[in-house]
Amino acid sequence: MNYWLFKTEPDAFSIDDLANKKSKGELWDGVRNYQARNLLRDEVKKGDEVFIYHSSCKVPALVGIASVIKDHQIDDTQFDPSAKYYDPKSTPENPRWYAVTIKHKKTFKEPLPLKDMKQNPELAGMKLLQKGNRLSVMPVDKSHGDLLLKLLG
DNA sequence: GCCAACGTTGGC
DNA sequence: GCCAACGTTGGC
């Protein structure tokens with residue numbers, strides 16, 4: 001079992017939206033970055049735990065946890081010209097983008113703001129805290145993941 | 001809204 | 001394959 005962190009903009013899709021999907025879960029599509037794609041395709045596996053992070057909002061923070069309930073599949077939005085994430089250079093014969101399905105597990109009673117994470121020496125080294133980091137899907141070390149779960153319950 | 005830090009694109 | 005121009009992300 002591995003830990004991951006997925007970013008989402010709460011205005012577009014929040015932890016509450018994910019919670020509302022209940023056991024059905026949510027297909028995490030629309031990822032259009034090769035590094036993130038490689039993780040989704042090759043390394044994110046059913047049963048893994050995913051920290052949900054709200055970005056580009058008033059208080060950027062870790063807000064909850066989800067679990068992966070389905071391994072990667074082709075992200076069909078890449079073929080749909082009307083979709084926001086349409087990729088004209090992608091073909092069904094040679095798809096570029098993939099998506100996994102995750103299910104809401106828990107919304108933390110108190111979100112853990114980015115600001116606080118930066119101040120916790122035990123979390124130093126987390127990819128999320130590295131300057132200039134823009135990845136929307138990233139690995140979380142086991143030690144960091146365990147600690148976060150302990151902090152957040 | 002600003003801007004730093006990237007990633008991507010395309011001309012050469 | 002280099003690199004300038006451009007677009008996007010995301011904290012502040």
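Naming: A, B, ... by sequence-line order, numbering from 1 per chain.
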Validation: residues 102-111 of chain A side-chain donor-acceptor distances under 3.5 Å, sequence neighbours left out:
residue, atom, partner, partner atom, Å
His104(A), NE2, Thr107(A), N, 3.4
His104(A), NE2, Thr107(A), OG1, 2.7
Lys105(A), NZ, Glu49(A), OE1, 3.0
Lys105(A), NZ, Glu49(A), OE2, 2.8
Lys106(A), NZ, Gly153(A), O, 2.5

Report all side-chain donor-acceptor pairs from residues 137-152 of chain A shorter than 3.5 Å, counting only partners two or more places apart or in another chain.
residue, atom, partner, partner atom, Å
Lys142(A), NZ, Asp146(A), OD1, 3.4
Lys142(A), NZ, Asp146(A), OD2, 2.7
His144(A), NE2, Glu122(A), O, 3.4
His144(A), NE2, Ala124(A), O, 3.4
Asp146(A), OD1, Tyr3(A), OH, 2.6

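Mapping Gly132(A) and Arg32(A) onto DNA chain B by nearest heavy atom places Gly132(A) at the nucleotide closer to the 5' end. Positionally, the nearest nucleotide of DNA chain B for Asn33(A) lies more toward the 5' end than for the other of Asn33(A) and Lys89(A).
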Summary of protein contacts for nucleotides 7-12 of chain C, nucleotide by nucleotide, where a base hit scores B, a sugar-phosphate-only hit scores S (4.0 Å, heavy atoms):
BBSBSS
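In this structure, Tyr86(A) has no ring pair (Phe, Tyr, Trp, His ring centres under 6.0 Å) partners at least two apart in sequence or on a different chain. With sequence neighbours excluded, the residues that form a side chain to side chain donor-acceptor pair (under 3.5 Å) with Arg41(A) are Asn38(A).
Within the structure, salt bridge (Lys or Arg N to Asp or Glu O under 4.0 Å) pairs that include any residue of residues 11-20 of chain A do not occur (at least two apart or interchain).
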